[in-house]
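See below for the structure under consideration.
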Amino acid sequence: MELKSPHVLSDPATVNNKSRLGIHSSLLTYSQPDSPGKYSRTGSRKSAGSLDDVRSNGLLDAMMASSPPRKKLLKGSNTQVVSIDSDIEDYLSFMLEYPSALDSFDKIVDHAKNKKVAVFLDYDGTLSPIVDDPDRAFMSEAMRATVRSVARYFPTAIISGRSRDKVFDLVKLTELYYAGSHGMDIIGPFSQTPSNNYPNCVNTDHQGNETTLFQPAREFLPMIDEVFRTLVEITKDITGSIVENHKFCVSVHYRNVEENNWTTIGQRVHDTLKNYPRLRSTHGRKVLEVRPVIDWNKGKAVEFLLESLGLNDWDDVLPIYIGDDKTDEDAFKVLREGNRGCGILVSSMKKQSNALYSLRDPTEVKKFLQVLVNWKREEERKHGEN
Ligand SMILES: O=P(O)(O)OC[C@H]1O[C@H](O[C@H]2O[C@H](CO)[C@@H](O)[C@H](O)[C@H]2O)[C@H](O)[C@@H](O)[C@@H]1O
């Protein structure tokens with residue numbers, strides 16, 4: 001499986017050809033706004049709503065929940081009250097529900113016997129550690145080498161909330177498939193028989209490589225661009241906020257913002273989105289992610305890629321998905337339903353998940369991927385001997 005630089009594939013000239021690329025009506029859950037020439041409903045920012053807005057709609061709770069709870073300080077001292085017992089208890093109960101994928105490796109590969117394995121990987125928090133500066137979330141060379149060898153043995157895709165170009169710039173491996181913007185921008189394998197399920201796929205030839213481009217939220221590009229500029233403007237006075245344009249979605253980071261300003265940032269995003277009923281915000285790890293309201297997510301991206309790879313006979317395929325964030329839950333859910341595959345949550349804290357197994361951090365992810373490659377090599381060696 002060798003693809004040359006799929007990330008540099010420019011969008012084909014047919015992008016405006018609605019009959020091929022127009023968004024499929026089944027993906028739309030909102031009707032078109034009727035304000036011509038503007039992408040927002042009013043075209044101007046509404047006056048800030050009451051802070052109760054952001055509290056009552058649960059956004060603030062979600063923002064708080066996306067960071068580990070701080071330990072309480074003992075009154076009059078700097079000593080943290082570390083409730084070791086309850087922390088350990090919590091973690092043990094988490095591990096019982098989501099056993100370590102390393103400890104359960106034999107069980108996992110038992111399911112993989114005589115099946116084709118496909119590997120799906122999230123980027124931030126899975127292949128790279130979480131850091132304060134999103135532009136410096138680099139993966140280690142050792143991780144890169146490991147992912148490269150995974151791709152040598154299994155069809156492998158990265159499914160990230162970042163734009164496809166940005167995640168490729170970080171991963172730098174041409175052997176993989178990439179789905180950026182939470183799966184809304186996919187470069188997949190060339191499909192000889194385009195599926196009826198995805199009518200707006202474009203097969204294209206780029207530098208001798210035939211690939212398939214799928215962008216189900218294409219019509220939202222100008223709207224995303226506009227909301228990105230608005231969000232930059234309205235957060236520029238909040239020290240530490242970072243707004244990233246990920247082509248089909250926008251990330252508003254509050255990791256480096258003083259905690260007492262989190263409500264303000266949440267409220268401003270919330271107020272802005274009142275003007276964009278066709279956009280919504282979800283939250284990740286200290287980030288609000290603004291995205292189109294379409295019936296598409298990382299789970300659908302997994303299904304799309306499996307179908308493009310000709311791996312949609314679920315009895316014959318074991319997809320493994322590794323991710324750490326809320327948006328990865330959609331993929332875990334798809335795999336969990338009907339026992340179709342194996343979701344692995346990366347977390348060192350207790351969380352509720354649709355995954356089946358867990359790994360603590362990117363270091364354990366690397367170990368797991370190495371063990372997977374070794375297992376496959378051994379399988380091939382055994383078959384070679386027979
Ligand atoms: O789907 P992913 O590949 O996991 O992308 C989700 C978000 O990841 C990035 O933000 C997260 O990682 C940053 C770097 O470690 C960290 O600073 C931030 O707090 C995390 O939320 C990325 O910058 C976002 O745009 C993605 O939405």
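Order of appearance sets the numbers: ligands from 1, and atoms from 1 within every ligand.
- Distances between N or O atoms of G161 and those of ligand 1 include at least one value under 3.5 Å.
- Atom CG of residue D122 and atom NZ of residue K298 lie 4.0 Å apart, to the nearest 0.5 angstrom.
- Annotation: D324 places no N or O atom under 3.5 Å from an N or O atom of ligand 1; distance criterion only.
- Where the criterion is an N or O separation shorter than 3.5 Å, residue side chain and backbone included, K298 meets it with respect to ligand 1.
- At least one N or O atom of S251 sits closer than 3.5 Å to an N or O atom of ligand 1.
- In this structure the side chain of R291 never reaches within 4.5 angstrom of the side chain of S251, judged on heavy atoms.
- The V287 neighbourhood of ligand 1 comprises atoms 21 (O), with distances under 4.0 Å to a heavy atom of that residue.
- The option with the heavy atom closest to atom 7 (C) of ligand 1, from among K326, R162, E289, is E289.
- Taking all heavy atoms of V252, I159, I130 into account, the minimum distance to atom 11 (C) of ligand 1 is reached by I130.
- Geometrically, ligand 1 and D325 share no nitrogen or oxygen pair separated by less than 3.5 Å.
- For ligand 1, the polar-atom distance check finds no N/O of K286 at less than 3.5 Å from any of the ligand's N/O atoms.
- No more than 12 heavy atoms of other residues, nucleotides or ligands shown are found within 6.0 angstrom of NZ on K333.
- Across H253, H283, E244, R291, heavy-atom proximity to atom 10 (O) of ligand 1 is greatest for H253.
- Within the listing of ligand 1, atoms 17 (O) sit less than 4.0 angstrom from a heavy atom of D132.
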